[in-house]
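Structure first, commentary second.
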Number of protein chains: 2
Amino acid sequence: MAARAVATERPKTRMRILAACRRLFNERGPAAVTTAEIAASVGINEGNLYYHFQRKEQIVEALFAEFEHGFRDVAAAYSPGADDPRHYRDYFAGWFNLMWEWRFFYRDGAAVDRMAPRLRRHLKALADDGQAQVRRVLHGMAAAALIRASPQEIEMLVVNGWIIATYWIDYLRSRHGIAAIRREHIDWGAAQAMGLFLPYLTPRGRAVVELARSATA
Amino acid sequence: MAARAVATERPKTRMRILAACRRLFNERGPAAVTTAEIAASVGINEGNLYYHFQRKEQIVEALFAEFEHGFRDVAAAYSPGADDPRHYRDYFAGWFNLMWEWRFFYRDGAAVDRMAPRLRRHLKALADDGQAQVRRVLHGMAAAALIRASPQEIEMLVVNGWIIATYWIDYLRSRHGIAAIRREHIDWGAAQAMGLFLPYLTPRGRAVVELARSATA
DNA sequence: GTCTATAATGAGATAGAC
DNA sequence: GTCTATCTCATTATAGAC
């Protein structure tokens, strides 16, 4: 959300290009959007586009840098030791919001990988951090008596929860033919992921689910 | 597995093309494999390739037809009313085998969709049938006292299990950087999906998990 | 059925004027 | 920074000889 102007940088067109690409990529995936289309969408000439980004790959990399910032912000939103169910609800909602804002990275992972192979190690590092963070949060929920689960069970929940959240958007496309993702579809995914935790919730923990269900975000 | 020669059909080259494409697509995705590469891989000329398939899209469609047969075979392997844990183990292993043999359809869903849009409704119909079948199987397991779960809980398990199974391969790529999928990775996925059921298993049901773990397939 | 051309396309990318 | 014009190139696809 913040402007995030990097030092000497000030060009407005560059930002408009990135904003347009994020929108277009989220709609149809980076592989299906041509540079001509991007330029037209921004209202500039294709040559001008190549002044700002010499390779299409660089656009993807620049967008990834933004995504990375958002990712780390979401991960950092957890307060260790928290025992208010609302805190956990907000934390998980943060992940689904991020997923919504950068859904092409989730839905078109294979295409992104082919297009910008240098991102692979960054993506992996990001997933490492994010998953470690979710693991800490689940242990925190166990400590706060919101869930009752062994370390092995928590490990299973981390991985399965990660997969459900990550691929929910593509699941909607392939299973329900939903191409235009709306906010309600993301909320639906959050509820589906919650299902994983149901058998492990303590009475206090059920409050997290109830709060999430009644949230209007 | 069966020859599946369709009536008047007998050309060997066509089959070699399809076999090569299945291998290449599984390795790197249909979008990243060119017709020149396919022809070279088969050991024929590119013009000859276009004699057999006028459009690349038709190759994908022909492969999908094979996949569809395999899919329905797997779905049909369930014996209603079975209460032998081994039957359920074999049934679920069948799904993961199919996933292994046709992994590009799972991993590159978006690319397949762009390349052969006519497949969309077929894919959806297939997923409808498959999921309905898995639902029946879970109800069967409940009836056989292998799991104890309400209809709502079964519904959650069907969807979450479907997602874990479907996207396991891409998860390995994005999370662990595994590009070359091997059989052991598929077994790992099956074990991960099993984690979903753990809280719902009856003592008898645990035998399914134990059997799956000790299976060498 | 298979080959040797070669056409047709369309995408990414560059040069240089303004 | 932005534009016009052009290039390169990979890829799909076709025509026609053998």
Side-chain angles (χ1 to χ4, degrees), chain A residues 5-22 24-25 27-64 104 108 110-119, chain B residues 5-22 24-25 27-64 104 108 110-119:
Chain A
V6 180
T8 59
E9 212 163 314
R10 192 197 35 122
K12 216 170 51 183
T13 302
R14 185 190 157 92
M15 281 168 59
R16 287 199 298 140
I17 292 169
L18 291 177
C21 283
R22 176 166 142 186
L24 289 169
F25 291 178
E27 278 170 14
R28 293 168 16 236
V33 176
T34 67
T35 49
E37 199 172 1
I38 295 167
S41 167
V42 178
I44 61 171
N45 187 277
E46 213 174 334
N48 190 8
L49 175 66
Y50 275 88
Y51 167 80
H52 292 280
F53 296 95
Q54 287 78 6
R55 327 230 156 261
K56 193 182 170 186
E57 173 184 359
Q58 291 173 0
I59 299 178
V60 178
E61 289 174 351
L63 286 174
F64 179 81
F104 81 89
D108 301 290
V112 168
D113 191 57
R114 271 195 292 276
M115 213 159 145
R118 294 195 302 175
L119 290 185
Chain B
V6 181
T8 60
E9 214 163 314
R10 190 197 38 123
K12 217 169 51 184
T13 303
R14 185 191 157 93
M15 282 167 59
R16 287 199 299 138
I17 292 170
L18 290 177
C21 283
R22 175 167 142 184
L24 290 169
F25 291 178
E27 280 170 12
R28 298 175 3 246
V33 176
T34 66
T35 50
E37 200 172 2
I38 295 167
S41 167
V42 178
I44 61 171
N45 187 278
E46 214 173 333
N48 190 9
L49 174 66
Y50 275 88
Y51 167 79
H52 292 280
F53 297 95
Q54 287 78 6
R55 326 231 157 261
K56 194 181 170 188
E57 172 184 359
Q58 291 172 1
I59 299 179
V60 178
E61 289 174 351
L63 286 175
F64 180 81
F104 81 89
D108 300 289
V112 168
D113 192 56
R114 270 196 294 277
M115 216 159 142
R118 293 195 303 174
L119 289 186

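Values below: all heavy atoms of this structure, side chains included; hydrogens, waters and symmetry mates excluded. We name chains A, B, ... by the order of the sequence lines, and we start the count at 1 in each one.
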Problem set entry | OP1 or OP2 of C:dT2 under 4.0 Å from side-chain N/O of B:N45 | no
Exercise. Of all the choices, C:dA13, D:dT12, C:dC3, which nucleotide is nearest to the side chain of A:K56 once you look at every atom?
Worked result: C:dA13
Problem set entry | Short side-chain N/O contact from B:Y51 to OP1 or OP2 of C:dT2, under 4.0 Å | no
Exercise. Between B:I44 and B:R16, does a side-chain contact (heavy atoms from CB on, under 4.5 Å) hold up when you go through it step by step?
Worked result: CA-CA 10 Å; B:I44 61 171; B:R16 287 199 299 138; 3.9 Å; yes
Exercise. Does C:dG1 have OP1 or OP2 sitting under 4.0 Å from an N or O in the side chain of B:N48?
Worked result: no
Exercise. How about A:R118 and A:E57: do any of their side-chain heavy atoms sit closer than 4.5 Å?
Worked result: yes
Exercise. Any side-chain N or O of B:T35 less than 4.0 Å from the OP1 or OP2 oxygen of D:dA13?
Worked result: no
Exercise. Starting at CZ of B:F53 and ending at P of D:dT12, how long is that distance when rounded to a whole Å?
Worked result: 15 Å
Problem set entry | Inter-residue atom distance B:T35.OG1 - B:K56.NZ, 0.5 Å rounding | 7.0 Å
Problem set entry | Interatomic distance where CD belongs to B:E57 and C1' belongs to D:dA13 [whole Å] | 13 Å
Seminar exercise, completed: Between CD of A:E46 and P of C:dA15 the distance, given in whole Å, is 16 Å
Exercise. Under 4.0 Å between a side-chain N or O of A:T34 and OP1 or OP2 of C:dG10?
Worked result: no
For this session: Could you check how far CZ of A:R28 sits from C1' of C:dA11, rounded to whole Å?
Result: 14 Å
Problem set entry | N/O (side chain, B:R16) to phosphate O (OP1/OP2, C:dT2) under 4.0 Å | no
Problem set entry | Gap between atoms CD and P, on A:Q58 and C:dG12 respectively (whole Å) | 14 Å
Exercise. Rounding to a whole Å, what distance do you find between A:Q54:CD and D:dC7:P?
Worked result: 21 Å
Exercise. Between A:G43 and B:A36, which has a closest nucleotide on DNA chain D that is more 5'?
Worked result: A:G43
Problem set entry | Presence of B:Y50 side-chain N/O under 4.0 Å of D:dA13 phosphate oxygens OP1/OP2 | yes
Seminar exercise, completed: Rounded to the nearest 0.5 angstrom, the CG-CD1 distance for B:L18 and B:I59 is 7.0 Å
Exercise. Between D:dT2 atom P and A:R14 atom CZ, what is the distance in whole Å?
Worked result: 13 Å
Seminar exercise, completed: d(B:D108 CG, A:D108 CG) to nearest 0.5 Å is 10.5 Å
Exercise. Between atom CE in B:M115 and atom P in D:dT11, what is the gap in whole Å?
Worked result: 12 Å
Exercise. Within the structure, does a side-chain N or O atom of A:R55 lie under 4.0 Å from either OP1 or OP2 of C:dG12?
Worked result: no
